[in-house]
Q: 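The following block contains the structure, expressed as structure tokens.
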Number of protein chains: 2
Amino acid sequence: MAQVRRMRADARRNRERLLVVAGQAFAEHGESASLEDIAKRAGVGVGTLYRHFPTRRALLEAAYLERIESIAARADVIAGELAPGEALVAWLDELAAGMLRVRGLRALLDTAVTDGGPAADRASCGDCVRGAVTRLVRAAQDAGTLRRDVEPIEVLRLVHGVVTAAESTRGEPGTSVRRYLSLVWHGLRA
Amino acid sequence: MAQVRRMRADARRNRERLLVVAGQAFAEHGESASLEDIAKRAGVGVGTLYRHFPTRRALLEAAYLERIESIAARADVIAGELAPGEALVAWLDELAAGMLRVRGLRALLDTAVTDGGPAADRASCGDCVRGAVTRLVRAAQDAGTLRRDVEPIEVLRLVHGVVTAAESTRGEPGTSVRRYLSLVWHGLRA
DNA sequence: ACCTGAACACCGTTCAAGT
DNA sequence: ACCTGAACACCGTTCAAGT
């Protein structure tokens, strides 16, 4: 699936349509949106969907790749603007906000967080998020702002957990998530 | 479903069998265990399962009611042995451990935590857990060990999140969950 | 009053046939 | 090389018929 360029014109068009529709569907119905429905709405047979994206996760990742990458990219921008400790917190805030806004993202971070199995997702979404958090965590640790005994992936897991916690609130999960994050940060701080 | 006594003998027997089998099934396959399978293993028609437990959640709650109640009861025992702050921590540890051990419990706490909708689960599992955590939290707050601006249900949510986080570890989620809990506690402490 | 299981609906996944 | 959609499998849920 690496070289999208070489595909036949109709194949590329179908792939693109599937991604757009999948993005909407996942945002609407969550990670378990009906694949058959996605195919139908994209105007292709189900078989075509499976040909392009053999698993649900593959489709999910492809649909949100750009968004994930842009969040990961924000890490370096923020790192240039704030002190190591604050940079990490600020980025985690953005990450959490993104996960609350787009339901599919949570399912994805789930993979990123599940101790990237060796083969699992080479060079996929998981990698760039893990890379981003690792840089920020290490920087904060070197600056003496963050406990040394915390692994980057653990921070990711905690954010995931905090978002889970915030999602079961009645109104405004955004408010809760910020509270919870600052609370966790209190515990993580050196 | 309140008066189990008044049921016909065969009905009561079926109900009991369903509960036992459901307990095993949920522990094995998680909250989404096949209901048809549970009915089959219990030696009853699916219709019977639906008659006794109209929703999946009803079955889940009934299957784990005793276990939940015993966890909730532990709260008062612990409260009598430890200082308010430590009592809360100790109980949360037990709660988290229980959720890790029995997969179905997590789904249940999920309900308990989702801001008990007015009608939702009157006098069900959710209530006794919420009651237990409320007593411990208030005591810790009165003793000045816990921040005043934290709601009991928020503590429950955080535990839920922490368990979620710990579950995506390769080995020994028990170790992680204890780390994460103590970390959250650090942030919650007055 | 309660049980049974066939019947229906829905969704995921595969694959033979088509272009 | 890619697409289509019928076919199969599986599961949840209901309900007419039975005791």
Side-chain angles (χ1 to χ4, degrees), chain A residues 1-64 103-104 107-108 110-111, chain B residues 1-64 103-104 107-108 110-111:
Chain A
M1 211 58 52
Q3 55 281 63
V4 181
R5 290 278 148 208
R6 290 192 176 196
M7 286 193 291
R8 227 167 60 177
D10 56 343
R12 213 164 63 227
R13 202 169 43 235
N14 284 336
R15 191 173 185 281
E16 209 49 50
R17 267 205 203 130
L18 280 167
L19 284 178
V20 172
V21 174
Q24 296 166 353
F26 286 134
E28 245 180 272
H29 310 293
E31 52 169 325
S32 58
S34 160
L35 296 185
E36 197 181 337
D37 207 63
I38 291 175
K40 203 168 291 169
R41 279 209 268 166
V44 305
V46 249
T48 303
L49 187 155
Y50 279 95
R51 159 168 277 268
H52 285 292
F53 310 102
T55 68
R56 175 181 293 274
R57 179 126 274 139
L59 179 57
L60 205 56
E61 292 206 352
Y64 287 123
R103 306 177 63 180
L108 262 181
D110 222 344
T111 326
Chain B
M1 212 58 55
Q3 55 281 65
V4 182
R5 290 278 147 207
R6 291 191 175 199
M7 287 193 290
R8 225 168 61 179
D10 56 344
R12 213 164 63 225
R13 204 169 41 235
N14 284 336
R15 190 173 185 279
E16 209 47 51
R17 268 206 203 129
L18 280 168
L19 285 178
V20 173
V21 174
Q24 296 167 354
F26 286 135
E28 246 180 272
H29 310 294
E31 53 170 324
S32 59
S34 161
L35 296 185
E36 199 182 336
D37 207 62
I38 291 175
K40 202 168 292 170
R41 280 210 265 165
V44 305
V46 250
T48 305
L49 188 154
Y50 280 93
R51 158 168 277 267
H52 285 292
F53 310 102
T55 69
R56 174 182 293 274
R57 179 126 275 139
L59 179 56
L60 205 55
E61 292 208 352
Y64 287 123
R103 307 178 62 181
L108 262 182
D110 222 344
T111 327

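Since the model is a prediction, treat every value here as computed from it, not as a measurement. Atoms considered below: every heavy atom in the structure, side chains included; atoms not considered: hydrogens, waters and symmetry mates. The sequence lines fix the lettering, A, B, ..., with proteins before strands; numbering per chain opens at 1.
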Q: Please report the distance, rounded to the nearest Å, between CG in A:Asn14 and P in D:dG5.
A: 12 Å
Q: Any idea which heavy atoms bring A:Ile38 and A:Val21 closest together, and the distance?
A: O-CG1, 3.7 Å
Q: Rounded to the Å, how far apart are B:Arg13 CZ and C:dT4 P?
A: 10 Å
Q: For the pair A:Arg17 and A:Val20, evaluate side chain to side chain contact (heavy atoms under 4.5 Å, CB included) and give the outcome as yes or no after the intermediate values.
A: CA-CA 5 Å; A:Arg17 267 205 203 130; A:Val20 172; 5.9 Å; no
Q: What's the CZ-P distance between B:Arg17 and C:dC2, to the nearest Å?
A: 17 Å
Q: Can you tell me how far C1' of C:dC3 sits from NE2 of B:His52, to the nearest Å?
A: 9 Å
Q: Side chains of B:Arg13 and B:Arg8: does their closest heavy-atom pair fall under 4.5 Å?
A: no
Q: Can you tell me how far C1' of D:dG5 sits from CG of A:Leu49, to the nearest Å?
A: 14 Å
Q: Are any non-hydrogen side-chain atoms of A:Leu60 and A:Arg57 less than 4.5 angstrom apart?
A: yes
Q: Choose from D:dT4, D:dC2, C:dC2 the nucleotide whose nearest atom is closest to any side-chain atom of A:Val44.
A: D:dT4
Q: Is DNA chain D part of any stem, that is, at least 3 consecutive Watson-Crick or G-U pairs with both distances under 3.5 Å, and where?
A: C:4-8 with D:12-16, C:12-16 with D:4-8
Q: Are the side chain of A:Arg56 and the backbone of A:Ala33 linked by a donor-acceptor contact shorter than 3.5 Å?
A: yes
Q: Could you run through nucleotides 8-19 of chain D and give me one letter per nucleotide, 5' to 3': B if any protein heavy atom sits under 4.0 Å from the base, S if only the sugar-phosphate is that close, - if neither?
A: ---BBBBB----
Q: Rounded to the nearest 0.5 Å, what separates atom CG in A:Asp37 from atom NE2 in A:His29?
A: 6.5 Å
Q: Assess the residue pair B:Thr55 and B:Tyr50 against the criterion (side chain to side chain contact (heavy atoms under 4.5 Å, CB included)); give the C-alpha distance rounded to whole Å, side-chain angles, the decisive distance to 0.1 Å, and a yes or no.
A: CA-CA 7 Å; B:Thr55 69; B:Tyr50 280 93; over 6 Å; no
Q: Check the pair B:Phe53 / B:Arg15 against side chain to side chain contact (heavy atoms under 4.5 Å, CB included), numbers first and verdict last.
A: CA-CA 9 Å; B:Phe53 310 102; B:Arg15 190 173 185 279; 3.9 Å; yes
Q: Which whole-number value in Å describes the distance from A:Lys40 NZ to D:dG5 C1'?
A: 11 Å
